[in-house]
**Q** 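Quick one: structure below, then a few questions.
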There are 2 protein chains.
Amino acid sequence: MHSEVVASRSADQRDSSRESRNGGSPQLDAVSLAIIQQLQEDGRRPYAAIGKAVGLSEAAVRQRVQKLLDQGVMQIVAVTDPLTVGFRRQAMVGINVEGDVESIADALTDMSEVEYVVMTAGSFDILAEIVCEDDDHLLGVINKRIRALPGVRSTESFVYLKLKKQTYMWGTR
Amino acid sequence: MHSEVVASRSADQRDSSRESRNGGSPQLDAVSLAIIQQLQEDGRRPYAAIGKAVGLSEAAVRQRVQKLLDQGVMQIVAVTDPLTVGFRRQAMVGINVEGDVESIADALTDMSEVEYVVMTAGSFDILAEIVCEDDDHLLGVINKRIRALPGVRSTESFVYLKLKKQTYMWGTR
DNA sequence: ACCACTTCTGCGAAATCCGCACGCTCGGGA
DNA sequence: TCCCGAGCGTGCGGATTTCGCAGAAGTGGT
C-alpha cells in the first residue's frame with residue numbers, strides 16, 4: 001500500500017512543523033493544520049478521506065481530531081445566520097472600561113446572549129456581539145445587564161441590519 | 001379557474017407550526033430548529049441519535065440536514081481561534097460610506113482576508129472583521145484595499161488583543 | 001378523483017467509526 | 001550504555017453509521 005511516505009516521515013516533519021510558535025496555546029504542526037483545513041471545508045468529512053489528504057492513517061487522524069477537540073483548539077459545529085433561525089435582533093456593542101478589563105470581559109462571557117467577546121486596542125476596550133430574540137430583549141441586555149456591570153464606563157451599540165458574509169475558511173486561501 | 005374560495009382550509013395548524021415567522025428566508029419549522037440545535041452541540045453527531053432526540057427516523061434527519069446544507073441555512077464546519085492557527089493579527093474595522101452602502105459591503109465580501117461583514121445602524125455603516133498573518137498584511141488590507149474603495153469616507157480599526165468567547169449555541173439556552 | 005410534489009419510513013449493502021494491541025522514536029535517569 | 005516510559009502512528013476486527021432506493025402518507029392544484 002502506501003509505501004514510501006510513511007517510513008521517513010517522522011523526523012523531519014516535526015521540526016518544520018513547529019515553525020510558527022504562537023504565543024501561548026498548544027502549538028500545531030503542519031499536519032494538524034491540514035486536518036483543520038479539511039474540516040473547515042466539511043465538518044463531517046470521514047476520517048479516512050482526511051487521512052488520504054494529509055498522508056496519515058484513519059486512526060491517526062481520529063486521534064488528532066479528538067485531541068484538538070479536547071484541547072479546545074477547534075470545535076465542529078453547525079453555524080447559521082441567526083436571523084434565519086428566529087433571532088431577529090443582533091448588535092455589536094463597543095464598551096469602555098475603567099479598571100480591570102479582563103474581569104468585565106469574563107462577566108460578558110457568562111451571559112448567554114453574548115456570543116462573541118474580544119478585547120481590543122482602539123477607542124473601545126471590548127467588543128461584544130449580542131444575539132437576541134427581539135428589541136425588548138436586546139434593550140434589556142444592554143441597559144440592564146451590561147451597563148450595570150461595575151467598571152463599565154460607556155457603551156455604544158451597532159444594531160445589525162444585514163449580515164453579508166460569515167466565513168470559516170482561514171488557511172484555505 | 002382561480003376560485004380563491006378558501007374552501008376547506010383545515011387550517012390553523014400550519015400557523016402554529018410556523019410560530020416564528022422570520023422575515024424572508026426559507027422558514028424553518030420546530031423540528032429543523034431542533035436538528036440544528038443538536039448539530040450546534042456536536043457537528044458530527046450521528047443522524048440516528050439526532051432522530052431519537054427530535055422524534056424522526058434516521059433517514060428523515062439525513063434528508064433534512066442535506067436540504068439545510070444545500071439551502072445554505074447552515075453549514076457544518078470546524079471553527080478555531082485564528083490566533084492559535086497562525087493568523088496573528090485580527091481587527092474589526094468600522095466603516096463610514098457615502099453613497100451605496102451595499103455595493104461597498106459586496107466589495108468587502110470579495111476580499112479573502114475579510115471574514116465577516118455586517119451592515120449596521122449607528123455611527124458606522126459597516127463592520128468588517130479582518131484576519132491577517134501579520135501587521136504588514138493587516139496594514140496593507142486596511143490602507144491599500146479598504147480605504148481605496150470609492151465611497152469609503154472613513155474607517156476606524158480595533159485590533160484584537162484577546163479573543164474571550166466564541167460560541168455557536170443559539171437556541172441551546 | 002387524479003396527478004404532481006414533498007416528506008417520512010424501512011431496509012439491506014457499503015462505508016465509517018471505534019477500541020485495542022503492537023511497533024517505533026525520542027529523552028531522561030541509573 | 002541500557003532500560004523504561006511517554007507520545008504518536010499503524011493495522012485490524014466488530015459495532016455502528018451512512019447511503020441509496022422503493023414504497024407509503026399527506027398536501028395542493030386542476
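Residue numbers begin at 1 in each chain, while the letters A, B, ... track the order of the sequences. Side-chain atoms are counted along with the backbone in the values below, which use heavy atoms only and exclude waters and symmetry mates.
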**Q** To the nearest 10 degrees, what angle separates the axes at the start and end of the helix from C:dA1-D:dT30 to C:dA30-D:dT1, five pairs each?
**A** 30°
**Q** Salt bridge or not for A:D106 and B:K165, using N-O below 4.0 Å?
**A** no
**Q** With the side chain of B:K67 defined as its heavy atoms from C-beta on, choose the nearest nucleotide among C:dC17, C:dT7, C:dC8.
**A** C:dT7
**Q** When the distance from CD of A:Q63 to P of C:dC20 is rounded to whole Å, what number comes out?
**A** 12 Å
**Q** Measure the CG-CG distance between B:D136 and B:L139 for me, rounded to the nearest 0.5 Å.
**A** 7.0 Å
**Q** Starting at CG of B:D70 and ending at P of C:dT7, how long is that distance when rounded to a whole Å?
**A** 12 Å
**Q** Have a look at B:R62 and say if it touches a base, only the backbone sugar-phosphate, or nothing, with a 4.0 Å heavy-atom cut-off.
**A** base
**Q** Which pair of non-hydrogen atoms, one from B:V77 and one from A:Q40, has the smallest distance, and what is that distance?
**A** CG1-O, 3.4 Å
**Q** Quickly work out the A:I35 CD1 to D:dC8 P distance and round it to whole Å.
**A** 12 Å
**Q** The side chain of B:P46 is closest to which nucleotide in this list: D:dT18, D:dT10, C:dT9?
**A** D:dT18
**Q** Charged N to carboxylate O under 4.0 angstrom, B:E58 versus B:K52?
**A** no
**Q** What is the distance, to the nearest angstrom, from the CZ atom on B:R64 to the P atom on C:dT6?
**A** 15 Å
**Q** Quickly work out the B:R44 CZ to D:dT18 P distance and round it to whole Å.
**A** 10 Å
**Q** If I take atom CZ from residue B:F158 and atom CE from residue A:M92, how far apart are they, to the nearest 0.5 angstrom?
**A** 10.0 Å
**Q** Any residue in residues 49-59 of chain B with a heavy atom nearer than 4.0 angstrom to DNA chain C? Just list them by number, or reply none.
**A** B:L56, B:S57, B:A59
**Q** Starting at CZ of A:R45 and ending at C1' of D:dT18, how long is that distance when rounded to a whole Å?
**A** 16 Å
**Q** What donor-acceptor contacts under 3.5 angstrom involve side-chain atoms of residues 117-126 of chain B, with partners at least two apart or in another chain?
**A**
unit_1: B:T120; atom_1: OG1; unit_2: B:F124; atom_2: O; d: 2.8
unit_1: B:S123; atom_1: OG; unit_2: A:E156; atom_2: OE2; d: 2.4
unit_1: B:D125; atom_1: OD2; unit_2: B:V97; atom_2: N; d: 2.8

**Q** Decide whether a cation-pi geometry holds between B:R44 and A:Y47; the criteria are a distance under 6.0 Å from NZ or CZ to the six-membered ring centre and an angle within 45° of the ring axis.
**A** yes
**Q** Quick one: do B:R89 and B:D135 make a salt bridge, cutoff under 4.0 Å?
**A** yes
**Q** For B:A105, is there any backbone N or O sitting under 3.5 Å from a side-chain donor or acceptor partner on B:T109?
**A** yes
